[in-house]
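Chain naming here is simple, since letters A, B, ... match the order of the sequence lines and numbering starts at 1 in each.
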Amino acid sequence: MAPPAIAAALAEAIAAEANDDQGSPIASAKAAAPGFVNLRFADAALEAVIDGIRLAPAAWGRVADSASAGRHVNVEFVSANPTGPLTVGNARGAFVGDLLARVLEAGGQRVTREYYFNDTGAQVKNLGASILAIREGRAIPEDGYHGEYVVDLATELPDELSAPRADGDDPEGERFWAAGRWASDRIRRGIEASLEALGVHFDAWTTEGSLVEGGWVDQAVARLREGDHLYEQDGATWFRSTTFGDDKDRVVIRSNGSLTYFAFDIGYLVEKFSRNFDHLIYIWGADHHGTVARVRNAAEAMGYDKAAVEMILTGWVHFVSGGQELSMSKRAGTFIALDDLLAELGADAARWYFASRGANVNMDVDIELAKRQSSENPVYYVQYAHARIASILRKATDAGMTAAPSVAGLLAGAPEGMLARVVARFPEVVEDAAAAQETQGITAYATELATAFHAFYRDARVIDADEPERSAKRLALADATRISLANALALLGISAPEAM
RNA sequence: GUCCCCGUAGCUCAGUGGACAGAGCGGCUGCCUUCUAAGCAGCGGGUCGCAGGUUCGAAUCCUGCCGGGGACGCCA
């Protein structure tokens, strides 16, 4: 049967059933070329949805019965090394991770937001060496840290950490390590403060040091050895990643006995699973794609469900200023601090910017243009619609009017019916977003809802003393719209102002 | 050389099997004596990188090519 014929048959059957059932939510079903069936909801069904929003505002837009509902997910993101403040380059990871966590929660999942601090890496020692060099008036090593913040750290370094050892000896750069640990601890507190300012809260902070001290790396290595997934070659210990489809095998323990970054990855894997997560998500930069396979392979080799280990790679953000490419090197000190940009842009505008774009696409951001255009950000369009409704509701209250408990009979009119149909779609939008683990649908919907309200505002007067009954119902519809806008913005971590 | 991501309006990006491909910004034209003009209405703007293929139907799936970015270490 050709699509138009199938559509016609379906439409006929649905229409017949709707006619038989008095309480059917479907008012009509019509076939349309080249094979669509257009359903029209009954006004009564739509009215019930709108009334329900105001009865349980907090629940509106939360989906509890999706396929993944109830899952406990660990989302690890940012995890920038504590060797300098967060840069604008870290902004994407921070927002993408936080937005993902929010959308998963809206879909009924439990989320732990986690940050991994590499506090024992060579870069910490390197940072310490740079600080001591400045303190002692020596030149900073070429591959050391050159940013202004390093000078500040050198100034603030406690005397006992800068003093040479009495015996003049410094086994394995112990002084560098001590200064580096002090500095990274201080930087870490700054990073935590920056993230709080973005509205990004973490539930767990894990350090590289704790993975060794807790025996997690040893445990991971033991598990791989038991499964015969390790072998010795050239004095190093290798993981047979190729068994699971990788390009090459990977070193776990170097010939000098030290652990590779990969060793910490697999130790962390065991540690995370020991906390009974159903699913692990890593937000990594696109440059880490090469490490995806080995970590997932190791999970499989250790007996975990490979599908439970998921990496989301964020695309590159290419920053330019006045046509000039900006490099973001912490070591060279040529970065733009995240705090500085946010102070000018505002967290709401920045959040919207990243929420409305896919995580994996590359983007060009002109810093000067972004600053100049921040007031043109679409986020204000949506916030304005919310503030406008809030203003109307205040004005109604002042005039002694209250919203009706039900919008019954109101939605047959064009301005009301068109707005209500957009409002009613919100849960479906959230469900799609949670399933796709993306937020672009939310921003697109919020914009559409704001547009629908502005059209309603133009065509229908809400506060009208001459028609108190219809006015009360329009207030109810406006309030339901306000709740939808507020919940959509909250889902994105964006404020919903009462006035603008 | 191998692998991954991207290529859609002047710009920044949505849309990943269905109806004439959308939004914001920018450009042009109108609209404030009535609930917020951070708004509304309208105009202009497209070989969906290119070429094949699959399908009743492709921006969307497959193959090849072109262009941009990234990864291929006993670095992190």
Under 4.0 Å between any heavy atoms, over every strand shown, what does A/Thr291 touch: base, sugar-phosphate, or nothing? Just pick one.
base

Is the A/Tyr445 ring parallel, tilted or perpendicular to the A/Phe426 ring (thresholds 30°, 60°)?
parallel

Residue A/Glu438, side-chain atoms from C-beta onward, closest of B/G68, B/G26, B/G15:
B/G15

Tell me whether the NZ or CZ atom of A/Arg357 lies within the 45° cone about the ring axis of A/Tyr353 and under 6.0 Å from its centre.
yes

Residue closer to the 5' end of RNA chain B, A/Met500 versus A/His289 (nearest nucleotide)
A/Met500

As a test of reading the structure: which of B/G39, B/G18, B/C13 is closest to the side chain of A/Arg357, going by heavy atoms?
B/C13

So for A/Asn38 and B/A19, does any side-chain atom that can act as donor or acceptor lie under 3.5 Å from a complementary atom in the base?
yes

Would you indicate what A/Val361 reaches in the nucleic acid, counting non-hydrogen atoms under 4.0 angstrom: base, sugar-phosphate, or nothing?
sugar-phosphate

Output the rounded distance in Å from CG (A/Leu313) to P (B/C6).
11 Å

Using only side-chain N and O atoms of A/Asn377, determine if any of them is under 4.0 Å from OP1 or OP2 of B/C25.
no

Sugar-phosphate, base or nothing in reach of A/Ala444, heavy atoms under 4.0 Å
nothing

Value in whole Å for how far the C1' atom of B/A38 lies from CG of A/Asp348
14 Å

Using only heavy-atom distances, determine whether the side chains of A/Asn74 and A/Glu114 contain a donor-acceptor pair under 3.5 Å.
yes

State whether A/Tyr380 places a side-chain N or O below 4.0 Å from either non-bridging phosphate oxygen (OP1 or OP2) of B/G39.
no

Any idea which of B/A19, B/U12, B/C74 is nearest the A/Trp238 side chain?
B/C74

Does either side chain, that of A/Ser241 or that of A/Asn297, offer a donor lying less than 3.5 Å from an acceptor on the other one?
yes

For A/Trp352 and B/A14, what is the distance between atoms CH2 and C1' respectively, to the nearest whole Å?
12 Å

The side chain of A/His288 is closest to which nucleotide in this list: B/A38, B/C6, B/A76?
B/A76

Once you apply the 3.5 Å cut-off to both distances, tell me the Watson-Crick or G-U wobble partner of B/G39, or none.
B/C31

Assigned partner base of B/G26, Watson-Crick or wobble definition, under 3.5 Å
none

Has A/Arg458 got a side-chain N or O lying under 4.0 Å from the OP1 or OP2 atom of B/A41?
yes

Considering only side-chain heavy atoms of A/His454, which listed nucleotide, B/C13, B/G39, B/C35, is closest?
B/G39

I'd like the C1' distance from B/G69 over to B/C62, given in whole Å.
24 Å

Strictly below 4.0 Å: does A/Tyr381 bring a side-chain N or O up to OP1 or OP2 of B/C40?
yes

Just how far is it from atom OH of A/Tyr145 to atom CD1 of A/Ile131, taken to the nearest 0.5 Å?
10.5 Å

Main chain of A/Thr443, side chain of A/Trp352: is a donor-acceptor contact present, judged purely on distance under 3.5 Å?
no

I want to confirm an ordering. Mapping A/Ala32 and A/Asp287 to their closest nucleotides on RNA chain B, which one lands closer to the 5' end?
A/Ala32

Let me know the distance between CG of A/Asp432 and P of B/A14, rounded to the nearest Å.
17 Å

Hey, does the side chain of A/Arg394 come within less than 4.0 Å of B/C35's phosphate (OP1/OP2), counting only N and O?
no

Pairwise P distance, B/G64 and B/C25 [rounded to whole Å]
41 Å

NA contact type, A/Gly441, heavy-atom cut-off 4.0 Å: base, sugar-phosphate, or nothing?
nothing

Rounded C1' spacing from B/U34 to B/C40 in Å:
16 Å

Pair of N/O donor and acceptor under 3.5 Å linking B/C74 base with A/Ser255 side chain:
yes

Base-pairing assignment for B/G64 (Watson-Crick or G-U wobble, both under 3.5 Å)
B/C50

Using whole Å, what does the distance between atom P of nucleotide B/A14 and atom CD1 of A/Ile442 come to?
15 Å

With both distances under 3.5 angstrom, what nucleotide forms a Watson-Crick or G-U wobble pair with B/C56?
B/G18

Quick check for you: among B/A76, B/U12, B/C35, whose closest atom lies nearest to any side-chain atom of A/Tyr457?
B/C35

May I ask you to say what A/Ala263 touches in the nucleic acid, namely base, sugar-phosphate or nothing, with a heavy-atom cut-off under 4.0 Å?
nothing

P atom, B/A21 versus B/C48: distance in rounded Å?
10 Å

C1' atoms of B/G45 and B/U36, separation to the nearest Å:
32 Å

What nucleotide among B/G24, B/G68, B/A76 has an atom nearest to a side-chain atom of A/Pro378?
B/G24

Picking from B/C35, B/A76, B/C5, which would you name as closest to the side chain of A/Tyr261?
B/A76

Have a look at A/Asn81 and say if it touches a base, only the backbone sugar-phosphate, or nothing, with a 4.0 Å heavy-atom cut-off.
sugar-phosphate

On a whole-Å scale, what distance lies between the C1' atoms belonging to B/G68 and B/A76?
26 Å

Between A/Thr83 and A/Gln123, is there a side-chain donor-acceptor contact under 3.5 Å, judged purely by atom types and distance?
no

Rounding to an integer number of Å, can you tell me how far A/Phe262 CZ sits from B/C72 P?
15 Å

When rounded to the nearest 0.5 Å, the distance separating CG of A/Leu99 from CZ of A/Arg351 is 5.5 Å

Need one value for A/Glu498: base, sugar-phosphate or nothing, where a base atom within 4.0 Å counts as base even if backbone is also close, heavy atoms only.
base

A/Lys30 to A/Phe36 six-membered ring, cation-pi geometry met (6.0 Å, 45°):
no

Between P of B/C72 and CH2 of A/Trp284, the distance in whole Å
13 Å

Answer yes or no: does a side-chain N or O of A/Arg294 lie under 4.0 Å from OP1 or OP2 of B/C72?
no

Look at the aromatic rings of A/Phe239 and A/His229 and report parallel, tilted or perpendicular, splitting at 30° and 60°.
perpendicular

Taking only the side-chain nitrogens and oxygens of A/Gln440, find out if one of them lies under 4.0 Å from OP1 or OP2 of B/G15.
yes

Under 4.0 Å, heavy atoms only, any strand: does A/Asp247 hit a base, just the sugar-phosphate, or nothing?
nothing

With both distances kept under 3.5 Å, what pairs with B/A71, Watson-Crick or G-U wobble?
B/U2

Per-pair stack call A/Trp316 and B/G69, 5.5 Å, 30°:
no

Among the candidates B/C6, B/C35, B/A71, find the nucleotide nearest to the side-chain atoms of A/Lys395.
B/C35

Could you tell me whether A/Glu376 contacts a base, only the sugar-phosphate backbone, or nothing, with contacts defined as non-hydrogen atoms closer than 4.0 Å?
sugar-phosphate

Rounding to an integer number of angstrom, what distance separates B/C28 and B/A19 when you compare their P atoms?
34 Å

